Amino acid sequence: MSEESTLVVSKIKNGTVIDHIPAGRALDILTVLNINGREGYRIAILMNVESKKLGKKDIIKIEGRMLSVEELNIVSLVAPRATINIIEDFAVITKHRVETPNYIEGVLRCPNPTCITNKRSEPIKTKFKTVSKDPIKLQCEYCGAIIAWNEIPKLIARKR
Amino acid sequence: MKERFYQRDVISILEFERSELEYLFEITDKFLNYIDRKLHLLDGKIIALAFFEPSTRTRLSFEVAAKKLGADVISFAGEEALSISKGENLTDTIKMLDNYSDLIVIRHRLEGAAKYAAEIAEKPIINAGDGKQHHPTQAMIDLYTIKKLFGAIDGLTYGVLGDLRYGRAITSFIYGISLFRPKKVYLISPEALRVREEVLELLRNKNIVYEEKYNVEEVIDQLDVLYVTRIQKERFPDPMEYEKVRGSYRVTYELLKHGKKELKVLHPLPKVDEIDHGVDVSTYAAYYIQAKYGVPIRMSLLTLILGAKL
Ligand SMILES: [Zn+2]
């Protein structure tokens, strides 16, 4: 957490810190996690701060919210090199590096309107194969459509 | 090799290895000798034809292949298919057919429908066309035709002309030749109908030499095979887009005279006006021969999948 030295944000007591987000993508991360700020969590968003590894990066701190494994995978789609720190009582208790799974099921919808997975009346889950991890490129197992890295945020399936 | 086909789903030509296709072709050679006889290899078997999207040629071809082998056929098409696809979902229809039959042939307007059906059904599924994506049995017929005409599929220069973006037969043909060693593949289409990114990606991964072109005239003298398809209005999300490209290419006898003497023109049929009638009676036309191989290829495939003793 030392890298953000020039911008002071208080430490969080319990919650999640998502670090090493590519610069400018923090809001996409919140979008894919379905967090809009009205849930009441205390959230700090740092954008374009200096980073040794990435040159510039974004950081998100969320007080009082842990992430599930599925959410971790979703984060990996937008920020493949992110690290996720779970904080308890001001201390980092676990540190994950997100890893892009080889298959992504159910999280994204297919951009192809004539893909069977977009037929509403069928009980079918989307399934994408990770054909490249850096940069991330996914391919629909049903229709073959290819999804590029920058298309992912708008394809996150919403479960409202 | 026989066991690799037994109870197998046929969703995409890309699931096949070259050696498997060569084996299928060998079996098809044998069936050509018996094509006029009624065989009893599939007596007692029931084959379901589920054509959610209308088709005459492919459906009849499967039906004839099944009946020549002694199988019974259950099917729905046209209005009936329409009401089924409106009234109940694909999942329930496939489950029903899975109970009634030994093998299901499916055509559907949505990409991935056949793969999804294969996940639901216990019985083998043959994809007879799903949206703009796959039409594996057509690709088998096309490759077999080339094998019969030229003795080999490798080493030839191919031109594929038509709707490379939305056409499933032409896409499956490109996938099919990618399993072999073509000398070069020219992908020829109007700008708006260029080949999809996932197809180009596959060609690159398989180190196939290809080049995209707008005009067939430019490359006609280099081709051994010219594969032509029609532009299908119903595949276009936007009718205006269709209006812009309709009639944008036409293969005439005059054009073909600039090509090699041995040049052959293939077409999955039906054709509309993209090939001039003058070509039909010329030595270039291979599409009627190609159409004749539809039944024997499907006979081999059905026999192998259902494990009949040959
Ligand atoms: Zn899809």
Side-chain angles (χ1 to χ4, degrees), chain A residues 22 28 70 73-74 76-78 80 100-160, chain B residues 11-15 52-53 84-95 106-120 125 127 129-136 165-168 171-172 174-175 178 195-205 232 234-238:
Chain A
D28 288 337
E70 198 195 21
N73 286 341
I74 298 176
S76 78
L77 298 177
V78 182
T100 314
N102 294 327
Y103 287 93
I104 294 119
E105 279 183 67
V107 176
L108 302 169
R109 67 182 170 76
C110 182
N112 169 16
T114 52
C115 176
I116 186 75
T117 60
N118 284 318
K119 191 166 182 274
R120 281 216 200 102
S121 57
E122 308 293 339
I124 180 173
K125 259 194 192 174
T126 59
K127 189 173 182 188
F128 294 90
K129 186 181 181 181
T130 308
V131 289
S132 153
K133 290 196 176 183
D134 194 17
I136 289 183
K137 206 192 255 183
L138 307 173
Q139 184 164 31
C140 176
E141 284 278 281
Y142 289 93
C143 75
I146 288 182
I147 304 181
W149 185 76
N150 57 357
E151 294 172 276
I152 289 172
K154 64 173 192 283
L155 296 173
I156 304 285
R158 292 267 164 262
K159 295 179 223 163
R160 285 173 203 276
Chain B
I11 307 303
S12 157
I13 192 77
L14 289 173
E15 295 160 353
F52 295 93
E53 185 182 66
I84 288 175
S85 57
K86 270 183 192 161
E88 61 181 299
N89 61 11
L90 179 64
T91 314
D92 294 350
T93 309
I94 293 299
K95 280 182 180 160
I106 178 177
R107 169 170 289 196
H108 202 283
R109 71 178 184 88
L110 298 177
E111 290 90 49
K115 181 183 161 66
Y116 178 54
E119 290 168 2
I120 298 164
I125 297 277
N127 184 3
D130 65 328
K132 58 183 183 249
Q133 192 174 210
H134 296 300
H135 194 354
R165 186 176 164 89
Y166 300 114
R168 65 182 160 214
T171 303
S172 292
I174 297 168
Y175 285 156
S178 82
V195 69
R196 296 192 301 275
E197 180 54 32
E198 72 251 29
V199 182
L200 290 180
E201 176 130 335
L202 179 109
L203 293 178
R204 285 191 291 261
N205 288 342
Q232 274 178 282
E234 62 271 25
R235 298 269 170 265
F236 283 74
D238 176 2

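All values derive from a computational prediction rather than experimental measurement. In the text below, chain A, chain B and the rest are named by the order of the sequence lines, each starting its count at 1.
- Annotation: side chain of N112(A) is in contact with side chain of K132(B) (closest heavy-atom distance under 4.5 Å).
- For the atom pair N89(B) CG and I124(A) CD1, the distance stands at 11.0 Å (nearest 0.5 Å).
- Screening E111(B), H134(B), E198(B), K115(B) against C143(A) for a side-chain contact (heavy atoms from CB on, under 4.5 Å) leaves a single residue, E111(B).
- Within a 6.0 Å sphere centred on CZ of R109(B), heavy atoms belonging to other residues, nucleotides or ligands number 12 at most.
- At least one side-chain heavy atom of I116(A) sits less than 4.5 Å from a side-chain heavy atom of L90(B).
- Q139(A) places none of its side-chain heavy atoms less than 4.5 Å from the side chain of E201(B).
- Across all non-hydrogen atoms, the minimal contact from Y142(A) to Q133(B) is O-NE2, 2.9 Å.
- Annotation: side chain to side chain contact (heavy atoms under 4.5 Å, CB included) contacts of N102(A) (sequence neighbours excluded): K133(A).
- T114(A) is not listed as a side-chain neighbour of P237(B), based on a closest heavy-atom distance of 4.5 Å or more.
- A donor-acceptor pair under 3.5 Å is formed between the side chain of E122(A) and the backbone N or O of T91(B).
- Of all the listed residues (G144(A), A145(A), P113(A), C115(A)), the one sharing the greatest number of non-hydrogen pairs under 4.5 Å with chain B is G144(A).
- Rounding to the nearest 0.5 Å places CD of E119(B) at 12.0 Å from NZ of K125(A).
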